Amino acid sequence: QVQLVESGGGLVQPGGSLRLSCEASGRPFSDYAMGWFRQAAGKEREFVAAISRAGTRTQYATWVQRRFTVSRDNAKNTAYLQMNGLKPDDTAAYFCAARITVTGALHLSENDYVYWGQGTQVSVSS
């Protein structure tokens, strides 16, 4: 069992930046592939970014357009999502997710993940 706790959300002006953190407890963090998803009000949850267990591979949703960077520090049991150039359309609850894996595979579907954090709200508005 792993517990995930997100932090770092908040209110930011368009064009601003935020860094979300996802701290894990339980099994060694390097056992997990990680993903970030988001859900805006009235919409389905969607994929944002994924990172392999060692942090050597990453993938992003097309709409990210190089504005976001996913990373992890396995020594600190924490994954990060650095978000730059935020737009009002980025307003959503952001969730991190984890799944145990023995490979360096990336997982893009929410159905691939077993463990989820509680979410952190990101609001982009002037």
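It should be emphasised that the depicted structure is a prediction, and the values quoted were computed from it without experimental measurement.
Minimum heavy-atom separation, Gly104 to Ser52: O-CB, 3.4 Å. Taking every heavy atom of both residues into account, Gly85 and Ser17 meet most closely at N-OG, 4.4 Å. Considering all non-hydrogen atoms of both residues, Ala24 and Leu4 come closest at CB-CD2, 3.6 Å. Between Phe47 and Gln59, the closest heavy-atom pair is CZ-O, 3.6 Å.
If you chain together hydrophobic residues whose side chains sit under 4.5 Å apart, Ile51 and Trp36 fall into the same group. Grouping the Ile, Leu, Val, Met, Phe, Trp and Tyr side chains by contacts below 4.5 angstrom, directly or via other members, places Phe68 with Val70. In the hydrophobic cluster analysis, where Ile, Leu, Val, Met, Phe, Trp and Tyr join through side-chain heavy atoms closer than 4.5 angstrom, Leu108 is grouped apart from Ile100. Hydrophobic cluster membership differs between Leu81 and Trp116, with clusters built from Ile, Leu, Val, Met, Phe, Trp and Tyr side chains linked at under 4.5 angstrom. Tyr80 and Val2 fall into different hydrophobic clusters, defined by Ile, Leu, Val, Met, Phe, Trp and Tyr side-chain heavy atoms under 4.5 Å apart, directly or through other members.
Atoms CG and OG, on Asp90 and Ser123 in that order, are 11.0 Å from each other to the nearest 0.5 Å. To the nearest 0.5 angstrom, Ser30 atom OG is 8.5 Å from Asn77 atom CG. Note that CG of Leu106 is 4.5 Å distant from CZ of Arg57, once rounded to the nearest 0.5 Å. Atom OG in Ser71 sits 8.0 Å away from atom CD in Gln82 (nearest 0.5 Å). Glu23 CD to Asp73 CG: the interatomic distance, rounded to the nearest 0.5 Å, is 11.0 Å. The distance from the NE2 atom of His107 to the CZ atom of Arg99 is 4.0 Å, given to the nearest 0.5 Å.
Side-chain contact, Tyr94 with Arg38: a donor N or O sits under 3.5 Å from an acceptor N or O.
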query = So Gln121 and Leu11, side chain to side chain contact (heavy atoms under 4.5 Å, CB included) or not? Walk me through it.
reply = CA-CA 8 Å; Gln121 180 67 34; Leu11 175 64; over 6 Å; no
key: Stepwise side chain to side chain contact (heavy atoms under 4.5 Å, CB included) test for Arg53 and Val102   = CA-CA 8 Å; Arg53 55 182 286 181; Val102 297; 4.2 Å; yes
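The shortest distance between side-chain heavy atoms of Trp63 and Val48 falls below 4.5 Å. A heavy-atom distance below 4.5 Å is not found between the side chains of Met83 and Val12.
In terms of modelled atom types and a separation under 3.5 Å, the side chain of Tyr60 and the main chain of Arg67 share no donor-acceptor contact. The backbone N or O of Lys76 lies less than 3.5 Å from a partner atom in the side chain of Thr78, making a donor-acceptor pair. A donor-acceptor pair under 3.5 Å is absent between the side-chain atoms of Glu6 and the main chain of Cys22, judged by distance alone.
Within a 6.0 Å radius of CD in Gln118, more than 12 heavy atoms belonging to other residues, nucleotides or ligands are found.
Ring orientation note: the planes of Phe37 and Tyr113 are nearly perpendicular, at an angle over 60° on the 30°/60° scale. Between Tyr32 and Phe29, the ring-plane angle classifies as tilted under the 30° and 60° cut-offs.
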